[in-house]
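Okay, structure first, notes after.
Values below: all heavy atoms of this structure, side chains included; hydrogens, waters and symmetry mates excluded. Chain naming here is simple, since letters A, B, ... match the order of the sequence lines and numbering starts at 1 in each.
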Protein chains: 2
Amino acid sequence: MTVPASTSSSSSQAAPDRGRDRSRTEEAIISAARDVLVEKGFGAWGVNAIARAAGCDKQLIYRYFGGLDGLAEALGTDVARAIEEALSATPGPAATNYAELVAGLLETLVDVLRANPLMQRIIAWELSEPNALTRSFAQARSRALADWIARLRGDIAPPPGIDAPATNAVLIAAVQQMVLAGAATGGFAGLPLRDPADWERVRLAIRAMAVAVYSERPEGEDRP
Amino acid sequence: MTVPASTSSSSSQAAPDRGRDRSRTEEAIISAARDVLVEKGFGAWGVNAIARAAGCDKQLIYRYFGGLDGLAEALGTDVARAIEEALSATPGPAATNYAELVAGLLETLVDVLRANPLMQRIIAWELSEPNALTRSFAQARSRALADWIARLRGDIAPPPGIDAPATNAVLIAAVQQMVLAGAATGGFAGLPLRDPADWERVRLAIRAMAVAVYSERPEGEDRP
DNA sequence: TGCTCATGTCACCAGTCGGTGATATCCGCT
DNA sequence: AGCGGATATCACCGACTGGTGACATGAGCA
């Protein structure tokens with residue numbers, strides 16, 4: 001009788017002996033792709049590392065996904081679905097005016113983004129090496145975010161005389177940069193970003209800015 | 001007679017035939033290191049690519065700088081010097097109150113950062129793969145920025161009742177993220193970042209936020 | 001002149017990468 | 001039982017990486 005070829009000679013990750021089940025293998029590969037991106041960064045995101053993490057041969061990545069691009073696309077839809085349900089699960093701020101609405105959304109965004117290292121990696125990737133791959137990621141993320149905001153906004157309109165799209169973009173940019181810097185280096189511009197107290201300062205600062213800019217009445221910009 | 005071994009078989013960069021001059025070669029290597037980082041990104045920042053761009057053998061990188069770490073250190077001091085003189089050359093905003101001071105500083109920062117792709121690469125690097133290398137870069141940058149601000153601030157004090165360090169960090173974070181996103185993808189959160197008009201919107205939005213948050217009197221937070 | 005040493009160049013190493021063809025193994029169907 | 005096809009694994013390729021030792025070349029000095 002032939003020895004059962006003990007399957008113990010595998011990577012440190014994931015039991016390698018799942019039966020010949022294509023769908024399960026595909027899930028394992030996608031999960032491994034996600035794990036590699038989160039734990040090793042996009043610089044190490046390749047067929048070899050992913051196959052190693054998934055405990056299967058890299059040939060399967062080519063067969064089932066058509067290479068890295070197809071795998072990225074599959075992971076993209078997977079990520080988009082995860083984001084949408086993560087956002088739809090978060091309770092929106094019950095605000096009656098635009099300033100409080102935006103302030104609440106930004107605070108929620110800080111929490112959601114801080115709890116989502118995968119999203120952080122994708123954003124950093126997009127900032128460093130924008131390509132067709134990251135573009136689909138960014139597109140899905142942007143769309144989910146826009147839907148979420150539109151859903152929670154309801155019929156609350158921004159005050160006139162203020163460039164709301166630009167202002168909101170700047171505010172969201174601030175949130176992103178702070179979260180990324182905090183995760184990467186634990187601080188930004190001399191401000192520590194480690195303890196919950198540090199993030200409470202950030203949260204208050206962002207809220208104060210949003211409320212201030214959307215509450216103050218711009219001088220002489222009113223319609224006659 | 002032997003043919004003069006035409007030196008045309010080199011990379012597209014830089015004439016490879018500088019006389020046996022160590023200091024000149026070192027400068028060429030540092031310059032090549034900077035160019036590779038700017039044009040190819042930190043993913044391609046290695047001895048092979050740098051030596052190729054410098055038109056010399058990679059062995060010289062090890063001999064003169066002790067490898068990539070030493071070269072990074074040398075480039076770091078070079079960058080720090082460049083930043084300091086770039087910032088010292090920019091005229092500070094002549095403001096008499098804190099809100100206008102911060103608004104002017106942020107607008108200047110947008111311009112300086114947008115005109116400095118090397119700095120953008122370093123920031124993106126730091127956000128993606130923080131290591132001893134990027135830390136020295138970030139440290140030099142942070143110090144130069146702090147000195148610049150301290151120099152221009154003079155004796156103008158922030159209004160009481162506002163967490164100025166946190167607020168300023170958030171504002172600077174917004175500037176960084178907008179500039180990085182603009183350079184990487186040409187837009188952010190649906191807002192285009194290509195034409196000067198786009199950046200004018202951003203500039204106005206940032207100014208409005210800074211002025212609003214530092215002008216508005218926080219209610220009931222005053223000292224008695 | 002001849003010697004020395006700094007400068008520069010070349011060849012090579014082990015390792016990893018993305019990618020592909022050939023082969024083994026097992027399930028289901030007739 | 002036997003066959004076909006899907007699933008999975010192995011072995012290999014060329015290219016590139018960081019790193020190192022050996023060698024050529026030239027300038028300056030005794």
Side-chain angles (χ1 to χ4, degrees), chain A residues 1-11 13-30 32-33 36-37 40-73 129 131-133, chain B residues 1-11 14-30 32-33 36-37 40-72 129 131-133:
Chain A
M1 66 172 74
T2 60
V3 290
S6 74
T7 58
S8 67
S9 69
S10 69
S11 64
Q13 215 94 357
D17 54 350
R18 65 189 103 54
R20 301 173 150 258
D21 187 333
R22 171 164 178 164
S23 63
R24 286 173 62 89
T25 304
E26 288 180 351
E27 287 180 12
I29 289 176
I30 289 183
V36 168
L37 182 54
K40 304 295 174 60
F42 60 86
W45 201 77
V47 280
N48 291 295
I50 293 172
R52 213 156 25 211
C56 69
D57 197 273
K58 59 180 173 180
Q59 173 73 16
L60 301 185
I61 295 178
Y62 293 99
R63 245 209 280 283
Y64 295 157
F65 298 95
L68 274 181
D69 297 12
L71 177 56
E73 194 172 349
E129 298 178 356
N131 49 36
L133 224 118
Chain B
M1 63 173 71
T2 61
V3 291
S6 74
T7 58
S8 67
S9 71
S10 68
S11 64
D17 54 348
R18 64 189 103 53
R20 302 173 150 257
D21 187 332
R22 169 163 179 165
S23 62
R24 285 173 63 89
T25 303
E26 288 179 349
E27 287 180 13
I29 290 176
I30 290 183
V36 168
L37 182 54
K40 305 296 173 63
F42 60 86
W45 200 78
V47 280
N48 291 295
I50 293 173
R52 212 155 26 210
C56 71
D57 197 275
K58 60 180 173 180
Q59 173 73 16
L60 301 184
I61 295 178
Y62 292 100
R63 248 210 282 278
Y64 296 157
F65 298 95
L68 274 181
D69 296 13
L71 177 56
E129 298 178 357
N131 49 36
L133 224 119

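Taking the side chain of A:Tyr62 as heavy atoms from C-beta on, and the options C:dT9, C:dG18, D:dT20, the nearest nucleotide is C:dG18. Of the listed nucleotides (D:dC10, C:dT20, D:dG18), D:dC10 has the atom at the smallest distance from the side chain of A:Asp57. Among the nucleotides C:dC17, C:dG18, D:dT17, the one closest to any side-chain atom of B:Arg52 is D:dT17.
Under the 3.5 Å distance criterion, the side-chain polar atoms of A:Trp45 are left unmatched by any main-chain donor or acceptor of A:Val36.
For A:Arg63 against D:dA8, a side-chain N or O and a base N or O form a donor-acceptor pair under 3.5 Å.
Atom-to-atom, CZ of B:Phe65 to C1' of D:dT20 comes out at 19 Å; the value is rounded to the nearest Å. Here C:dT20 presents its P atom at 11 Å from CG of A:Leu68, a figure rounded to the nearest Å. As a whole-Å value, the separation of A:Asp21 CG from C:dT25 P is 21 Å. Distance B:Ile50 CD1 to D:dC16 P: 17 Å, rounded to the nearest Å. Distance B:Leu60 CG to D:dG21 P: 16 Å, rounded to the nearest Å. In this structure, the CD1 atom of A:Ile61 is 13 Å from the P atom of C:dT20, given to the nearest Å. The nearest whole Å value for the distance from the CH2 atom in A:Trp45 to the C1' atom in C:dT16 is 18 Å.
The residue among B:Arg20 and B:Lys58 whose nearest nucleotide of DNA chain C lies closer to the 5′ end is B:Arg20.
Contact annotation: the side chain of A:Glu73 never approaches that of A:Phe65 to less than 4.5 Å [non-hydrogen atoms, C-beta and beyond].
With values rounded to the nearest 0.5 angstrom, B:Thr25 atom OG1 is found 11.5 Å from B:Ile61 atom CD1.
When the side-chain nitrogen and oxygen atoms of B:Asn48 are compared with OP1 and OP2 of D:dC16, none of them lie within a distance under 4.0 Å. At least one side-chain nitrogen or oxygen of A:Tyr64 sits closer than 4.0 Å to the OP1 or OP2 atom of D:dA8. In this structure, A:Thr25 reaches the D:dA8 phosphate: one of its side-chain N or O atoms is under 4.0 Å from OP1 or OP2. OP1 or OP2 of D:dA27 has not a single side-chain nitrogen or oxygen of B:Arg22 nearer than 4.0 Å.
Contact record, B:Arg63 with B:Arg22: O-NH2, 4.5 Å, taken as the closest heavy-atom pair. Heavy-atom minimum distance, A:Lys58 versus A:Val47: CB-O, 4.1 Å.
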